[in-house]
> 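Quick one: this structure, given as structure tokens, is what I'll be asking you about.
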There are 2 protein chains.
Amino acid sequence: MANRIDEIDATILELLQERGRMKRSAVAEVVGLSVSAVSERMRKLEDRGVLESYHAVVDPKRLHFDITAIIRVSVDGSEHYPAFVEQASSMDEVLELHSITGDGSHVMKVRTKNTTTLERFLSRVQGISGVSSTSTSIVLSTFKETRALPTEPMDLFEYDEDDA
Amino acid sequence: MANRIDEIDATILELLQERGRMKRSAVAEVVGLSVSAVSERMRKLEDRGVLESYHAVVDPKRLHFDITAIIRVSVDGSEHYPAFVEQASSMDEVLELHSITGDGSHVMKVRTKNTTTLERFLSRVQGISGVSSTSTSIVLSTFKETRALPTEPMDLFEYDEDDA
DNA sequence: GCTGAAAAGCGGCTGGC
DNA sequence: GCCAGCCGCTTTTCAGC
């Protein structure tokens, strides 16, 4: 029942979080196993849902996405939440959307090209029904931005996909 | 001087943001070019710094990272900023660190395993010199979490790496 | 900047431990 | 769970347009 991430799995996860297109042969060399052993471990990590996905990251500045903002949104009445979440999630500018404790009901991370497009975006958000206020913080500098989690040997437990 | 992302480059970026380990041959099939043409475009996008990196994403829940928090930090006196940024960036729990406008001087996205580890993390942050207050919002649900930017044909301009 | 072909490298599979 | 070997597929390189 309780599956396990051992030292080697932890290293594989670390390598792939850092270099998502790393070749199996290169991984094998680092961890000191054969390519087929690494392949099987990667396949199992994917099957178990530990390795969730792989993505390329594009440099926002090169594509002229010069504004990053953290926006707190207050949605009044939880009956408005589902429609708000659906509409906000579908907007390309919204990179992250979470419901939170504390001031406001939701927080979003947003990227747009400039202040004009940000302003238009904010208007659209404020137009969603239930949204009573927004509070925008513009990002001045980004010092760290990753999704990499620290990995160490540990037990895993079965986990129902539908809960995710 | 002004380089360009055409329709095909935009499609390649879109595909790779979505599926970071997609094979060149599969990309070639979608965009209707030969494998070598796609390879060369990918290489150039990497060289130009548009394709910045590739990463695997690990499911935090499977690794028992059950707490995500957005923490606003007030660092008093900008002379404390560099040391704060350096120390905070080096913490594994910190996935994102930005300086911002508005309340507080910085905001962090943090993942920890449970409330106990979150509490210990907050103590450490509050112990960094210059930190006068923190305000923590716990994430209840995450509805969207990506770094994918919308891609469309556009001109690129030269860009000094050192500015990044 | 693209194609197509040849050579090299990689990944999936099987059998054995 | 791991390894080695085989074989098909993918990637790289290069000549030619």
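On a predicted model such as this, the values are computed, not experimentally measured, just so you know. We name chains A, B, ... by the order of the sequence lines, and we start the count at 1 in each one.
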> Give the rounded distance in Å between these two atoms: CD of B:Glu46 and P of D:dT11.
13 Å

> Could you check B:Asp6 against B:Arg21 and say which one's nearest nucleotide on DNA chain C is further toward the 5' end?
B:Asp6

> Could you walk me through whether A:His98 and B:Phe143 pass the ring-ring contact (aromatic ring centres under 6.0 Å, His included) test, one step at a time?
CA-CA 6 Å; A:His98 314 271; B:Phe143 301 103; 8.4 Å; no

> Checking the side chain of A:Ser90 only, and the main-chain atoms of A:Gln87 only, is there a donor and an acceptor separated by less than 3.5 Å?
yes

> Check the distance between D:dT11's P and B:Met22's CE and give it to me in whole angstrom.
11 Å

> Rounding to an integer number of Å, can you tell me how far B:Arg41 CZ sits from D:dT12 P?
16 Å

> In terms of the nearest nucleotide of DNA chain D, which residue is placed more toward the 5' end: A:Gly32 or A:Lys23?
A:Gly32

> Could you please name the option among D:dC2, C:dC10, C:dG1 that lies closest to any side-chain atom of A:Ser25?
C:dC10

> Check the distance between D:dC14's P and B:Glu40's CD and give it to me in whole angstrom.
13 Å

> Please give, in whole Å, the distance from D:dC3 P to A:Leu33 CG?
5 Å

> CZ of B:Arg24 versus P of C:dG9: gap in Å, rounded?
16 Å

> Determine whether a donor-acceptor pair (N or O, by modelled atom type, separation under 3.5 Å) exists between the side chain of B:Arg62 and the backbone of A:Arg48.
yes

> Are the aromatic rings of B:Tyr54 and A:His55 close, with centres under 6.0 Å apart?
no

> Can you tell me if A:Ser39 touches the phosphate of C:dG12, counting only side-chain N or O atoms and a distance under 4.0 Å to OP1 or OP2?
yes

> Using only heavy-atom distances, decide whether a donor-acceptor pair under 3.5 angstrom links the side-chain of B:Ser36 to the base of C:dG4.
yes

> Under 3.5 Å, side chain of B:Gln17 to main-chain N/O of B:Leu149, donor-acceptor pair present?
yes

> How close or far is atom P of C:dG1 from atom CE of B:Met42, stated in whole angstroms?
16 Å

> May I have the distance from A:Lys44 (atom NZ) to C:dG12 (atom P), rounded to whole angstrom?
15 Å

> Can you tell which of D:dC3, D:dT11, C:dT3 lies closest to the side chain of B:Ala37?
C:dT3

